[in-house]
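For reference, the structure is listed below as structure tokens.
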Amino acid sequence: MSTQGDDERHSRASTPVTALGADDALLTAAPTALPSVLARAVAFGATVIAAVCGGFAGYATGIIECSGACGDLALGAAAIGALAAGAGVAALAALVLRSMSEWADQASVRIRRHDSRTRRGPSDSQSDDKAVRH
């Protein structure tokens, strides 16, 4: 059974929520620390290329190690090589993307600090230094 209260709750949940600040200005979301789409695409491409190369290397190793008809062994070696190479490059790509986002975040903090210091002027910064010393 559905009551009117249930219908109201469902209609409220589907409407987007906007947040207003103290001065009724629309608040926007803070910028994310995600790397750029291009960096993520390059990381994905590198992972795919590494997996393909690992598959070729595994297949070649399987063919060299076996004499006669051993297609199953070569395909198994190709799969293992592809998984190992793809997983290795994916782990490195994740670390690189994390360090890029952390570096960008630190750089933005330095820029904001630099901008706030240049806006104050020399007399303001001298008075701040005196206040810190006492």
Side-chain angles (χ1 to χ4, degrees):
M1 247 197 300
S2 176
T3 64
Q4 185 177 2
D6 290 338
D7 293 337
E8 287 177 12
R9 271 185 259 151
H10 289 296
S11 65
R12 279 190 226 147
S14 63
T15 57
V17 177
T18 57
L20 295 177
D23 58 353
D24 292 336
L26 185 64
L27 300 176
T28 58
T32 66
L34 286 175
S36 68
V37 174
L38 177 64
R40 289 183 278 169
V42 168
F44 178 76
T47 304
V48 170
I49 290 170
V52 169
C53 291
F56 285 144
Y59 183 78
T61 303
I63 293 293
I64 290 172
E65 290 296 319
C66 184
S67 60
C70 33
D72 292 341
L73 177 66
L75 289 178
I80 290 171
L83 288 173
V89 171
L92 288 175
L95 292 172
V96 167
L97 290 174
R98 260 190 200 176
S99 65
M100 284 176 58
S101 65
E102 192 172 311
W103 178 79
D105 186 41
Q106 291 296 322
S108 67
V109 167
R110 277 188 242 123
I111 289 171
R112 287 193 304 260
R113 284 182 185 161
H114 177 71
D115 287 347
S116 68
R117 288 179 186 156
T118 57
R119 278 190 230 130
R120 284 192 280 178
S123 62
D124 290 342
S125 64
Q126 289 173 355
S127 64
D128 286 348
D129 289 341
K130 290 177 184 175
V132 171
R133 288 183 195 152
H134 292 125

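These values consider heavy atoms only, across backbone and side chains, with no hydrogens, waters or symmetry-generated copies.
Rounding to the nearest 0.5 angstrom, the gap separating the OH atom in Tyr59 from the CD1 atom in Ile80 is 15.0 Å.
Considering every non-hydrogen atom in both Cys66 and Leu73, the closest pair reads CB-CD2, 3.7 Å. Minimum heavy-atom separation, Leu97 to Ala43: CD1-CB, 3.9 Å. In terms of heavy atoms, Ala50 sits closest to Ala85 at O-CB, 3.2 Å. Considering every non-hydrogen atom in both Ala74 and Ile63, the closest pair reads CB-CD1, 3.7 Å. Between Ser101 and Pro35, the shortest heavy-atom distance links the atoms CB-CD, 4.2 Å.
Within 6.0 Å of atom CZ in Arg40, more than 12 heavy atoms from other residues, nucleotides or ligands are found, so the atom counts as buried in its surroundings.
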